[in-house]
Protein chains: 2
Amino acid sequence: MSTQMAREIAEQPEAVRRTLAALEPRREAIAALMEGRRRVLFAARGSSDNAAIYGRYLLETHAGVPGGLVSPSVATHYGSRLDLSDSIVVCVSQSGATEEVVATQTWARTCGAATIAVANVAGSPLVADADLALVTEAGPEVAVPATKTYLTQLVAMAMIGTALAPEPTALDAELDRVADEVELLLTVPVDVTVEALRDAAYAVVSGRGLMMGTALETALKLEETCLRPVRGYSYADLRHGPISVVTEGMAAVLVAAPNGPLLAPMVELAGDLATRGATVIGIGGNAAFAGACAVHVPGPDLPEELAPLGAIVPAQLIVEGLAVALGLDPDSPRGLAKVTSTDPHS
Amino acid sequence: MSTQMAREIAEQPEAVRRTLAALEPRREAIAALMEGRRRVLFAARGSSDNAAIYGRYLLETHAGVPGGLVSPSVATHYGSRLDLSDSIVVCVSQSGATEEVVATQTWARTCGAATIAVANVAGSPLVADADLALVTEAGPEVAVPATKTYLTQLVAMAMIGTALAPEPTALDAELDRVADEVELLLTVPVDVTVEALRDAAYAVVSGRGLMMGTALETALKLEETCLRPVRGYSYADLRHGPISVVTEGMAAVLVAAPNGPLLAPMVELAGDLATRGATVIGIGGNAAFAGACAVHVPGPDLPEELAPLGAIVPAQLIVEGLAVALGLDPDSPRGLAKVTSTDPHS
């Protein structure tokens, strides 16, 4: 008997195809909104924030557009008046109804920004109020852990990142391969990985650059769904100090793209963590990366710029499998609601 | 027999006074560098990054200047060409020699940014290459955990944040009270707090807005120095999902300013975490906040904008005390070097 989460993971190839079909025609509108502006800032929480982190890296590395992340409390609690007339602010929320994100979008407009909403609900406040709405076509998501809504948010990020590149590139056509890669990845075996994580006292997750958001999303899902204390680090932040807590009995989950300038450092990190006694679990990368890991699950055959759209799939399968192995209900983790509220009583 | 870390914590009032005296005359130069520019971006790692996070909030909430954080890999590994001619990039590194940060400063200049270096070593590469250098006067720091160098970085951030405000404000004079507040806080008792943390299976640390960097720095120090798996969350990110892992036997360390728009939400968070069974340890805040915590350590009597410069002191005392209680050497934690290198072999 499969869980709702497992069914929604399996729906992702179709969700990606529908979202691409819906958003492809918005490329020109995205580019037009950028005219006379220099920056793209993102505002989101939770999984949507992890999607935004990918969006920001893609913009800076592929489109050459400076990006950034808005601190929502600056909008909602401090009410700062900033001049954002040089910026697009992209607000990301699955429901389109997260109050804090809706309030941040309203604030961004009063600061002079153009606004793009990325949401999965067409009639939501976020969509209704934006200058441009990119509505993802994930369909209703019933399980609490975001899977297909997160992946379709990544599709929206990829659309923004490619639409704002100075010229069309080969990447635009590569987007059409994503759904097939996702389909292939639905069948990768994760049993050995689930066992390794079940037996670990503590886990860290790491990735870097374009894969940073994937690492943070994997950590967040392990924490929320499997109720495990898990920490997501950028490669660099882990190296900078907290690597000292990595020791025997810990698991380190590393996510890597199959190519790009950060693959070699990730292979090296896998070796260093193994030397410290951690069980290194690799997702993606290449053969050298797989060889440096104790346990390895394949990732997508996609360029680094799009690899996050595939690499999250094995991570989702691992999270779902671990929750079931721990006797938990992945569809409805303790203490979580589907539409989140940062300030429940305000 | 006191540790080197304890001695360096105790040196902070003088370190703050020396740094203020050295940086106060640079206000005009900071403001002059901003002419014709609209944004201030920060680049740093580890504790310096936590100082930068405070700098960014102070700029946005006090000076009305949009801030942001540079992703160093965009500079060092992707080599993206971004137009940063509208920005100052502030690079923060205790040693002024962290290769990744030095490389990011060089990159920022090629992208058209004006550069400010914040470092504790006058002859360092970061200082030598910057358009404007703010050299902190912490003196040599021998213990590996950054204490007085972190606090003097906060002084530099406060100098930038107040120098870029459109008009001088009362906050400028309040800076002169910081060293005395730090001195008072050196004597707060932390034994009960240390015991509570020693007995906890896992800890989370949270803060928000101007206190966010303090929360992250407290978490990083507990992790690096006490080798504890600890997670620092923004209030909002904790609320958004990971609060579900908070349960009996865990400790939650909350840092709050004595005033400001986030104090009431922090009081409420303390109550919610206690309801979930966590031992809530509060630093700072007001009487209502103390009342909502199981264990409480006072913070500074400073306006919210400067509270991080005092609130870190009890956190440092707790970290040092916990390390000693655990039989660890706080001066030289396992696996850490003083000058960090993100990419050791590149």
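Everything quoted here is computed from the prediction, not taken from an experiment. In what follows, chains carry the letters A, B, and so on, assigned in the order in which the sequence lines appear, proteins first and then strands, with residues in each chain numbered from 1.
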Validation row: B:Pro265, A:His77 side chains within 4.5 angstrom (heavy atoms): yes

Exam field: side chain A:Tyr78 to backbone B:Leu210, donor-acceptor pair closer than 3.5 Å: yes

Test log, rule side-chain contact (heavy atoms from CB on, under 4.5 Å), inputs B:Ser85 and A:Arg38: CA-CA 11 Å; B:Ser85 58; A:Arg38 313 164 57 111; 3.3 Å; yes

Donor-acceptor contact below 3.5 Å, side chain A:Ser80 vs main chain B:Gly64: no

OG1-CG distance between B:Thr247 and A:Leu227, expressed to the nearest 0.5 angstrom: 9.0 Å

Straight-line distance of B:Leu82 CG to A:Arg39 CZ, nearest 0.5 Å: 8.5 Å

Toward chain B, the part of A:Val204 with a non-hydrogen atom under 4.5 Å: neither

Closest-packed option against chain B by number of heavy-atom pairs under 4.5 Å, given A:Val70, A:Leu41, A:Asp86: A:Asp86

Where B:Gly209 and A:Ser73 come nearest, the two heavy atoms and their spacing: CA-OG, 3.8 Å

Least distance between heavy atoms, A:Val74 atom then B:Glu60 atom: CG2-OE1, 3.4 Å

Test log, rule side-chain contact (heavy atoms from CB on, under 4.5 Å), inputs A:Ser71 and B:Arg208: CA-CA 10 Å; A:Ser71 300; B:Arg208 197 176 184 195; over 6 Å; no

